[in-house]
Amino acid sequence: MPSFDIVSEVDLHTFTNALDQANRQLDTRFDFRGVDASFERDGLNATVLAEAEFQLTQMEDILRSTLIKNKIDPKAMELGDMEGYGKQVRQRVTMKNGLESDLCRKIVKLIKDSKLKVQSQIQGDQVRVTGKKRDDLQQVMALLRDADLEQPLQFNNFRD
């Protein structure tokens, strides 16, 4: 029976590359010359350091653009509050990895309300969808792509 998994994952290597590219872009920008600003990574979290709050907002745009270039959906990025840190201002950036139980329930409810002939079940931080026809599974994928969920979704482990 055909099936696939709905997950939300951020690849650590790709995230590291995006932060490295953002740091290189900071080095080449004219408005950041002589400014102590950087992106620091800690697992799937990052810290954005700058001298002023307006620079943090510019750095947020830089980070969003490099994430998009590396095919990471910026919806996976969760920004913390700006806080003073000595002579600098910093902001924590957390990447959402895995589906929370509330979002899993919302996905399952959305699939059931669509009246497609598929079954969906929550398995930890992912949702497995099974059905008799491959076309039904593809309709579920299209439905979830069109739905406005607060987290990016990937479809893995498609079996026929």
Side-chain angles (χ1 to χ4, degrees), residues 2-32 35 37-50 54-82 89-111 114 116 118 120-131 134-160:
S3 67
F4 69 92
D5 295 332
I6 303 168
V7 297
S8 179
E9 297 174 342
V10 176
D11 184 36
L12 181 63
H13 183 68
T14 310
F15 181 62
T16 304
N17 285 344
L19 285 180
D20 289 344
Q21 289 173 10
N23 274 324
R24 272 188 252 118
Q25 193 171 349
L26 275 181
D27 292 340
T28 60
R29 282 190 50 158
F30 180 75
D31 53 343
F32 281 96
V35 175
S38 66
F39 296 96
E40 297 174 358
R41 184 185 66 83
D42 178 35
L44 278 176
N45 301 325
T47 305
V48 183
L49 295 166
F54 76 93
Q55 291 171 337
L56 276 183
T57 57
Q58 290 175 335
M59 291 173 69
E60 179 186 328
D61 291 338
I62 292 171
L63 182 59
R64 282 186 198 281
S65 68
T66 55
L67 287 175
I68 291 170
K69 286 177 189 173
N70 284 286
K71 295 182 176 65
I72 298 175
D73 195 335
K75 281 195 231 175
M77 183 171 70
E78 190 173 288
L79 297 170
D81 294 331
M82 294 183 191
V89 181
R90 74 175 176 183
Q91 186 174 25
R92 299 281 299 160
V93 176
T94 307
M95 299 304 284
K96 297 177 190 173
N97 204 18
L99 296 174
E100 296 176 4
S101 60
D102 293 338
L103 186 59
C104 287
R105 281 190 233 110
K106 188 176 180 181
I107 290 170
V108 169
K109 185 177 183 330
L110 196 66
I111 292 171
S114 70
L116 292 170
V118 295
S120 56
Q121 53 202 349
I122 300 171
Q123 296 180 339
D125 63 346
Q126 64 185 16
V127 178
R128 167 138 320 152
V129 179
T130 56
R134 186 179 196 169
D135 292 340
D136 292 339
L137 297 180
Q138 290 173 342
Q139 285 179 336
V140 169
M141 287 181 189
L143 172 78
L144 292 175
R145 281 189 190 109
D146 293 341
D148 187 30
L149 300 171
E150 60 265 10
Q151 200 167 344
L153 301 177
Q154 292 91 31
F155 307 107
N156 289 347
N157 213 7
F158 193 91
R159 302 208 174 162
D160 207 6

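In what follows, every heavy atom counts, from backbone to side chain, and hydrogens, waters and symmetry copies are set aside.
In terms of modelled atom types and a separation under 3.5 Å, the side chain of Asp73 and the main chain of Lys75 share a donor-acceptor contact.
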- request: Using the side-chain contact (heavy atoms from CB on, under 4.5 Å) rule, take Leu103 and Ile107 through it: C-alpha gap first, then chi angles, then the decisive distance, then the call.
  value: CA-CA 6 Å; Leu103 186 59; Ile107 290 170; 4.2 Å; yes
Next on the checklist: Applying side-chain contact (heavy atoms from CB on, under 4.5 Å) to Phe32 and Asp27, what does each step give before you reach the verdict?
Outcome noted: CA-CA 7 Å; Phe32 281 96; Asp27 292 340; over 6 Å; no
Practice item. Evaluate the criterion side-chain contact (heavy atoms from CB on, under 4.5 Å) for residue pair Thr16 and Asp20; output intermediate values, then yes/no. Key: CA-CA 6 Å; Thr16 304; Asp20 289 344; 4.0 Å; yes
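The salt bridge (Lys or Arg N to Asp or Glu O under 4.0 Å) check on Asp11 picks up nothing, with sequence neighbours excluded. Applying the side-chain hydrogen bond (donor to acceptor under 3.5 Å, both in side chains) rule to Glu40 yields no partners; only residues at least two apart in sequence or on another chain are considered.
The heavy-atom pair separating Met59 from Phe39 by the smallest distance is O-CZ, 3.4 Å. Here the closest heavy-atom approach between residue Ala18 and residue Thr66 is recorded as O-OG1, 3.5 Å. The two residues Val108 and Ser120 have their closest heavy-atom pair at CG1-OG, 3.5 Å. Across every non-hydrogen atom of Leu144 and Phe155, the tightest pair is CD1-CE2, 4.0 Å.
With rounding to the nearest 0.5 Å, the separation of NZ in Lys106 from CG in Asp102 is 9.5 Å. Separation of atoms CG (Leu99) and CD (Gln123) is listed at 12.0 Å; rounding is to 0.5 Å.
If you run side chain to side chain donor-acceptor pair (under 3.5 Å) between Thr47 and each of Gln91, Arg90, Arg92, only Arg92 comes through.
Side-chain polar atoms of Ser3 and Arg128 form no donor-acceptor pair below 3.5 angstrom. Looking at Gln151 and Ser8, their side chains do bring a donor and an acceptor atom within 3.5 Å of each other.
The shortest distance between side-chain heavy atoms of Asn156 and Glu9 falls below 4.5 Å.
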